[in-house]
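Below is one structure, written out as structure tokens, with a few remarks after it.
Atom set for the values below is all heavy atoms of this structure, side chains included, hydrogens, waters and symmetry mates excluded. Residue numbers begin at 1 in each chain, while the letters A, B, ... track the order of the sequences.
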Amino acid sequence: MERILSLFISGLSRNGRAKHRLPVIMVMLVLLLVAFLGVPLIAHAADPTGADTLKENPTAAVNMAWTLITGFLVWFMQLGFAFLGAGLIRSKNQVNYWTKSFMDFCIASLGFWAFGFALMFGGSKLFPGLDSGNSLIGFSGFFLTGASYDVSTIMMWFFQMVFAATACTIVAGAVAERMKITAYLAYAFIIGAIIYPVYGKWIWGGGWLSTLSILGTTGARDFAGSGVVHMVGGLAALIGAAMVGPRIGKFNKDGTPNLLKGHNLPYVVIGTFILFFGWFGFNPGSTLAATDLRISVIAVNTFLAGVTGALVAIYWTFARTGKMDIVMGCNGCLAGLVGITAPAAFVPPWAAVVIGAIAVPFMINTAHIVERVLKVDDAVGAVPVHFGGGLWGLLAVGIFADGTYLGVKGLIMGDVGQFLLQLVDIGALIAWVAPTSLLLFWIIKKTIGLRASREEELQGLDVPEHGMEAYPSELPVPAGKLAPVPAGGKMPDLDG
Amino acid sequence: MERILSLFISGLSRNGRAKHRLPVIMVMLVLLLVAFLGVPLIAHAADPTGADTLKENPTAAVNMAWTLITGFLVWFMQLGFAFLGAGLIRSKNQVNYWTKSFMDFCIASLGFWAFGFALMFGGSKLFPGLDSGNSLIGFSGFFLTGASYDVSTIMMWFFQMVFAATACTIVAGAVAERMKITAYLAYAFIIGAIIYPVYGKWIWGGGWLSTLSILGTTGARDFAGSGVVHMVGGLAALIGAAMVGPRIGKFNKDGTPNLLKGHNLPYVVIGTFILFFGWFGFNPGSTLAATDLRISVIAVNTFLAGVTGALVAIYWTFARTGKMDIVMGCNGCLAGLVGITAPAAFVPPWAAVVIGAIAVPFMINTAHIVERVLKVDDAVGAVPVHFGGGLWGLLAVGIFADGTYLGVKGLIMGDVGQFLLQLVDIGALIAWVAPTSLLLFWIIKKTIGLRASREEELQGLDVPEHGMEAYPSELPVPAGKLAPVPAGGKMPDLDG
Amino acid sequence: MERILSLFISGLSRNGRAKHRLPVIMVMLVLLLVAFLGVPLIAHAADPTGADTLKENPTAAVNMAWTLITGFLVWFMQLGFAFLGAGLIRSKNQVNYWTKSFMDFCIASLGFWAFGFALMFGGSKLFPGLDSGNSLIGFSGFFLTGASYDVSTIMMWFFQMVFAATACTIVAGAVAERMKITAYLAYAFIIGAIIYPVYGKWIWGGGWLSTLSILGTTGARDFAGSGVVHMVGGLAALIGAAMVGPRIGKFNKDGTPNLLKGHNLPYVVIGTFILFFGWFGFNPGSTLAATDLRISVIAVNTFLAGVTGALVAIYWTFARTGKMDIVMGCNGCLAGLVGITAPAAFVPPWAAVVIGAIAVPFMINTAHIVERVLKVDDAVGAVPVHFGGGLWGLLAVGIFADGTYLGVKGLIMGDVGQFLLQLVDIGALIAWVAPTSLLLFWIIKKTIGLRASREEELQGLDVPEHGMEAYPSELPVPAGKLAPVPAGGKMPDLDG
């Protein structure tokens with residue numbers, strides 16, 4: 001065993017000697033920690049193959065397949081966010097942005113695995129093994145431990161984790177091109193471990209927002225997370241962007257903003273395509289069941305709101321400027337999708353069209369406020385789409401719900417209670433996320449530091465933080481010549 | 001309420017004043033129209049949660065999950081079409097092309113929602129709420145209204161809509177680099193609202209082609225749309241490209257064509273990959289049911305035809321030129337996929353290989369005719385793949401169907417009736433789509449105008465029509481220097 | 001008929017005369033071969049619509065939908081491999097690399113269709129029609145023929161084919177930038193037709209490795225193919241890269257390696273995203289059944305191993321160099337995913353975290369050995385990830401299996417037999433794949449030739465092998481000027 005370890009150590013050190021022991025120690029620590037937590041678990045999970053579950057409920061198979069596949073689609077949205085943001089920022093920060101986009105869900109999901117899931121669903125009793133918790137916070141399921149969790153609990157973890165990861169990644173774009181990667185990854189862990197799940201507990205984990213009664217109506221409603229995912233991510237993005245400060249050159253001395261153009265417009269459209277695709281998992285999958293045939297209505301509502309948002313936004317810019325601004329079209333589409341996320345199951349298709357259309361002025365107004373009033377530099381427009389659109393989504397439940405699904409009724413059905421519940425929900429969300437995000441970014445600022453140096457920012461973060469460029473040999477190599485890209489500054493040996 | 005409206009209006013106008021009221025009015029009109037249509041619908045849809053449907057038919061869950069997920073894959077083909085076309089055209093038209101690719105499905109799907117679905121499936125009685133119509137055209141389901149539609153009807157709408165959107169987007173590539181975006185989007189609405197659905201009604205909506213009998217065989221067959229989607233789209237593409245005229249520089253004075261190279265060959269392959277992926281939804285999903293276990297045969301047939309098409313095409317170019325032309329490989333793959341689309345369910349795997357192989361000469365001959373005989377400039381080869389391949393697909397049903405599925409038999413089983421029905425189908429398709437497309441593009445030409453100006457075309461459509469470039473900061477920014485990309489022509493304020 | 005043929009022939013020859021008959025003859029031969037094999041099959045397949053299967057087993061629908069959809073995801077990994085490798089190599093070889101990436105699965109899958117599936121599953125009796133074979137090799141199912149195969153066999157073919165195609169494509173990256181495309185495609189056919197399936201037979205097709213008993217434990221275990229797919233592909237990659245030799249400039253005279261930088265770092269991340277997405281099909285789909293609710297555990301284990309691998313790898317580079325090396329992060333992620341592939345169903349989530357972490361030193365050590373000890377030029381790091389990670393995966397089954405699934409127990413449960421079986425499996429894999437791959441590449445070298453000429457390599461393979469560049473008009477075209485890209489070297493006619 002010792003020999004094996006020393007073999008690893010020598011391998012981990014490229015030159016054959018254990019020069020830097022830190023990473024090795026880190027690996028060992030992770031292994032020890034997890035092994036320590038894991039050992040008591042061996043063979044303890046209830047019904048580990050799901051045979052009992054299936055016998056009791058034969059539809060478990062189709063429902064689990066549905067939930068997992070839609071969860072895969074939600075996870076794939078990570079790539080959409082990466083493309084979208086990467087397209088809107090400059091070449092010199094591409095490696096940095098793609099690294100953040102990839103690593104943030106890795107870290108956030110481990111935070112959600114270690115702590116978040118337990119805080120959010122402990123005590124919900126939604127699935128086996130989630131027994132302990134109160135209406136503010138849960139206490140069971142840390143590290144997916146517990147003698148009584150089963151395959152359904154594991155499925156639930158997967159589906160919830162991809163949502164937590166989505167909330168996390170919304171922030172990447174807003175703080176792009178100047179936040180240090182170490183700072184960003186520290187944020188990612190905490191939002192997945194604490195900020196997202198605590199609010200999530202209140203509404204999705206059986207917490208107080210889901211049991212609150214107003215005027216005889218019980219429970220705020222956020223079907224697939226206009227609030228839980230998008231407003232939370234959008235608000236954290238606003239606070240992160242405010243704390244890290246605007247990019248050099250974003251605002252003039254008189255406070256007027258400049259447009260710092262991105263580097264790849266097609267990437268913006270590609271990102272939106274992939275996000276739209278993922279949304280077909282996000283909303284319809286949130287039934288956690290294919291036996292809930294409402295999924296077809298949810299899919300259609302999601303689609304209609306997205307396309308209406310895109311059309312209203314692009315024709316709005318066309319009417320104003322005579323140009324078809326596809327960035328605005330994409331943002332309108334996304335705002336429509338965010339807006340329909342909370343009400344998707346509760347409203348009829350015609351209302352989805354209306355909701356998608358109205359999401360656009362919410363998005364535009366939020367952008368105006370962020371950039372012109374608050375003077376915050378949101379590099380990719382994450383706050384308008386996710387906070388603005390999400391706010392509208394929570395309101396829209398209270399307006400357009402038609403009573404055909406779970407009895408949820410909005411103003412159009414003459415019910416005021418739901419609308420008031422939604423307002424309380426919005427208030428609670430802001431009251432939790434704003435101060436905790438502020439505190440989080442403040443602590444990071446005082447410890448790791450939030451912002452790259454002025455020199456690094458001007459140069460672009462790729463080389464200083466990652467030691468590489470995004471497009472190292474993008475310029476064409478003349479035919480018959482070898483691209484001069486040796487390691488260590490030495491020309492390659494052409495006879496090698 | 002008035003305050004809220006005025007708030008929106010002021011927000012919609014960036015500078016705080018309601019300078020351009022048109023977009024606001026447009027938004028309001030959309031809302032009013034939809035709300036007007038929507039109000040009678042509140043709580044009217046039958047079985048809105050699908051509980052009754054499920055009780056009656058427990059397999060509805062797996063079938064709906066299957067249909068929706070495969071529908072998502074079909075929708076994702078939009079991204080494949082976008083990549084494919086974008087790779088084959090020049091940098092200067094990228095924003096324009098991506099905008100068309102994104103906005104066309106938005107518009108076409110709204111057209112299909114408002115009118116198309118009703119025209120196509122009204123009277124088919126395939127699903128609840130589709131009662132009224134005759135063998136030429138349907139009359140029920142406009143705006144997805146009707147007291148008796150249910151979750152299955154909604155599911156059907158979704159699946160059919162993604163097919164309509166596919167037919168629409170085929171045209172984008174053929175007319176790329178010179179058709180005005182406003183003209184293109186007007187076309188997109190009409191093909192989704194009228195041209196596609198009327199022919200679709202005839203064969204998929206219970207119309208006359210599906211009930212016609214010849215020599216004792218009843219009904220032309222087009223399993224997943226070699227005709228309905230691909231020939232319709234390909235034919236509209238041919239007529240659109242002919243009407244808008246060739247790109248500057250495409251044809252020499254003596255009528256010989258030039259190759260106007262695209263800007264990104266990898267994009268062509270990426271697009272083909274994504275289209276292939278989506279085809280796994282397109283064909284197998286067209287059973288609308290996972291309980292129809294023929295789906296495995298359909299998936300395998302689809303796959304085999306695609307790979308055979310790719311191989312035959314690329315080795316054909318290799319044999320002729322000594323070069324492996326991947327563009328030809330991709331087009332061969334797509335032609336094979338288009339070709340297998342109609343017969344996918346009716347033929348054995350060996351026939352799929354043959355069909356995929358023969359699709360290639362159909363594609364190549366069509367290209368020859370379009371470019372050399374008709375002298376039409378199809379910028380991305382959409383007509384050969386979709387019209388040529390689709391024509392072959394409809395014929396192939398009448399040749400290779402082996403009688404194991406729905407009793408459909410082709411020439412190899414000694415049945416001539418089916419082959420003749422397929423010929424009638426092809427004739428009917430052309431007889432409807434050609435004149436209506438011609439009329440449509442003629443009307444657009446006389447009103448909006450089809451073509452960008454010569455100056456805009458030479459410059460590229462991105463800046464004139466969209467006010468932006470695709471790769472604004474693609475050229476590397478020297479380290480330590482700020483990219484000079486201010487808004488409004490002023491240098492950014494480095495101390496900001 | 002003759003007229004039709006002559007029409008095709010004249011069309012196939014662009015200038016209207018049958019100048020090169022070779023391609024036409026090739027097409028005809030393919031058709032004849034397949035038709036000859038196909039004719040006896042007409043209407044022979046058992047239960048062609050699956051109606052009997054479904055009556056016997058109503059869960060066949062959800063299981064087939066699950067298997068097909070996850071198979072689609074596995075197939076989509078082809079695009080991930082293409083992006084990943086393309087990003088890591090230079091611009092001048094992009095067309096070549098994308099062509100290989102696309103055409104290799106086309107050819108490998110036809111090889112698997114013609115021969116591989118029969119060799120691998122003949123005699124397994126897993127599905128109807130797979131009757132004849134012994135414990136070393138199978139004999140039934142060539143060209144998917146046989147009177148008794150049914151829809152389940154066809155489904156099995158599809159799922160297995162996408163795995164064979166994955167093993168094949170792993171090699172593309174290792175030999176990139178210098179192997180001739182004709183040589184590479186010849187390899188692709190043979191690995192799909194022979195090398196992959198024979199070993200696959202031993203462990204997945206009911207062969208001797210699956211029935212071997214040691215210390216009372218029966219059967220080596222490789223749940224989703226750490227060995228079958230990844231080690232096989234990785235080992236073939238190692239041998240291919242060794243046989244073709246290093247790229248010009250890779251090694252200096254003193255044997256020290258240079259880094260030949262890729263051209264697009266974002267592509268590396270995009271590729272990893274898509275591969276990760278596909279892995280959700282790869283592992284969970286390998287149950288071939290959604291009624292096996294273990295799928296949720298498999299999905300979560302897969303995910304946790306991937307993110308842990310990414311984190312350990314990137315923080316390891318960060319600790320050593322102060323830079324976050326995203327290429328290392330991506331490779332760590334992939335190594336974790338490869339490592340969890342064999343044990344995914346047999347271990348609890350905490351073990352997945354440990355397995356993902358330990359995959360990283362396996363990957364790094366393998367890289368060290370390949371580049372520094374063996375001095376083999378693996379252009380994209382395929383061997384470390386797939387061979388190194390795969391080796392670890394097979395071992396990990398023997399260590400961490402907790403006995404909750406199929407009774408498989410590893411060292412942590414005090415069982416030594418499984419661990420020894422895994423060692424035998426590893427030995428058998430190497431003993432089969434290494435000599436056959438060596439022989440294969442040797443034969444190709446002596447016939448077609450493995451390597452492009454020095455001139456072609458320096459110029460890049462795109463123009464010599466494909467006659468085109470990847471980014472022909474990438475450099476911006478000055479506004480108002482036409483891009484000078486005529487065919488045949490003549491300027492386009494601007495008045496055309």
Side-chain angles (χ1 to χ4, degrees), chain A residues 8 11-12 20 22-23 26-27 30-31 34-35 37-38 41-43 48-50 53-54 60-62 64-65 68-69 72 76 79 86 94-95 98-99 102-103 106 109-110 144 151 154-155 157-158 181 465-468 470-474 477 479-480 482-483 485-487 492-494 496, chain C residues 59 62 66 69 90-92 248-253 258-266 269-270 273 277 280 284 290-291 293-297 299-300 304 307 310-312 314-316 319-320 323-326 329 348-351 353-354 357 361 364-365 368 402-405 412 458-459:
Chain A
F8 277 155
L12 283 165
H20 301 278
L22 181 61
M26 195 185 67
V27 172
V30 168
L31 300 189
V34 174
L37 288 157
L41 258 187
I42 293 174
T49 62
T53 303
L54 192 68
V62 68
M64 187 174 278
L68 289 178
I69 293 169
F72 304 157
F76 198 53
L79 178 57
Q94 289 297 311
V95 173
W98 286 92
T99 305
F102 194 84
M103 299 313 301
C106 293
S109 64
L110 280 193
L144 270 180
V151 290
I154 293 278
M155 174 196 85
W157 181 83
F158 185 79
I181 187 157
E465 293 214 319
H466 306 277
M468 57 181 82
Y471 307 114
S473 61
E474 184 61 19
V477 178
L482 185 69
V485 282
D493 183 342
L494 293 191
Chain C
T59 65
V62 69
W66 172 252
I69 292 169
R90 288 163 289 183
S91 298
K92 61 182 180 177
I248 296 168
K250 175 64 191 178
F251 291 107
N252 297 314
K253 276 181 183 160
N258 294 307
L259 173 67
L260 303 179
K261 287 188 201 171
H263 90 305
N264 194 318
L265 264 292
V269 186
I270 296 165
F273 265 116
F277 182 54
F280 289 127
T291 49
L293 300 185
R294 191 73 177 179
I295 51 178
S296 69
V297 179
V300 167
L304 286 174
V307 300
L311 283 167
V312 169
I314 205 166
Y315 275 103
W316 175 71
R320 285 175 53 89
K323 310 282 185 191
M324 292 254 182
D325 182 337
I326 185 60
W350 68 264
V353 172
V354 178
I364 292 173
N365 279 296
H368 183 83
D402 67 359
T404 56
Y405 188 74
I412 63 164
L458 288 172
Q459 181 186 358

Would you say Ser296(C)'s side chain and Val151(A)'s backbone share a donor-acceptor pair under 3.5 angstrom? yes

How would you list, by chain and number, every residue that makes a side-chain contact (heavy atoms from CB on, under 4.5 Å) with Ala299(C), sequence neighbours excluded? Leu68(A), Phe72(A), Pro284(C)

So, taking the atom named SG in Cys106(A) and the one named CD1 in Ile314(C), what distance separates them when rounded to the nearest 0.5 Å? 8.5 Å

Non-hydrogen atoms of Ala470(A) and Pro266(C) that approach each other most closely: O-CD, 3.6 Å

Any non-hydrogen side-chain atom of Ile69(A) less than 4.5 Å from a side-chain atom of Phe280(C)? no

To the nearest 0.5 Å, how far apart are CE in Met103(A) and OH in Tyr315(C)? 7.0 Å

Pick from Leu293(C), Val297(C), Ile326(C), Val307(C) with the largest number of heavy-atom pairs that fall under 4.5 Å of chain A: Leu293(C)

Flag the one option from Thr53(A), Val62(A), Ile154(A) with the top tally of heavy-atom pairs under 4.5 Å to chain C. Ile154(A)

I'd like to know if the side chain of His466(A) reaches the main chain of Met324(C), judged simply by a donor and an acceptor atom lying under 3.5 Å from each other, with no hydrogens or angles considered. yes

Using 30° and 60° as the class limits, which term best fits the ring planes of Phe273(C) and Phe102(A): parallel, tilted or perpendicular? perpendicular

Are Val269(C) and Thr99(A) packed together at the side-chain level, in the sense that at least one heavy-atom pair is separated by less than 4.5 angstrom? no

Residues passing the side chain to side chain donor-acceptor pair (under 3.5 Å) test with Thr49(A), sequence neighbours excluded, are none

Give, as side chain, backbone, both or neither, the part of Leu110(A) having an atom under 4.5 angstrom from any heavy atom of chain C. side chain

Short question: side chain of Arg294(C), backbone of Gly50(A) - any donor-acceptor pair under 3.5 Å? no

Would you call Val300(C) and Leu144(A) a side-chain contact if the rule is heavy atoms closer than 4.5 Å? yes

Examine whether an atom of Met468(A) lies under 4.5 Å from a heavy atom of chain C, and if so say whether it belongs to the side chain, the backbone or both; otherwise answer neither. side chain

Answer whether the closest heavy-atom distance between the side chains of Leu265(C) and Gln94(A) falls below 4.5 Å. no

For Leu304(C) and Trp157(A): C-alpha separation, side-chain torsions, deciding distance, then whether side chain to side chain contact (heavy atoms under 4.5 Å, CB included) applies. CA-CA 12 Å; Leu304(C) 286 174; Trp157(A) 181 83; 3.9 Å; yes

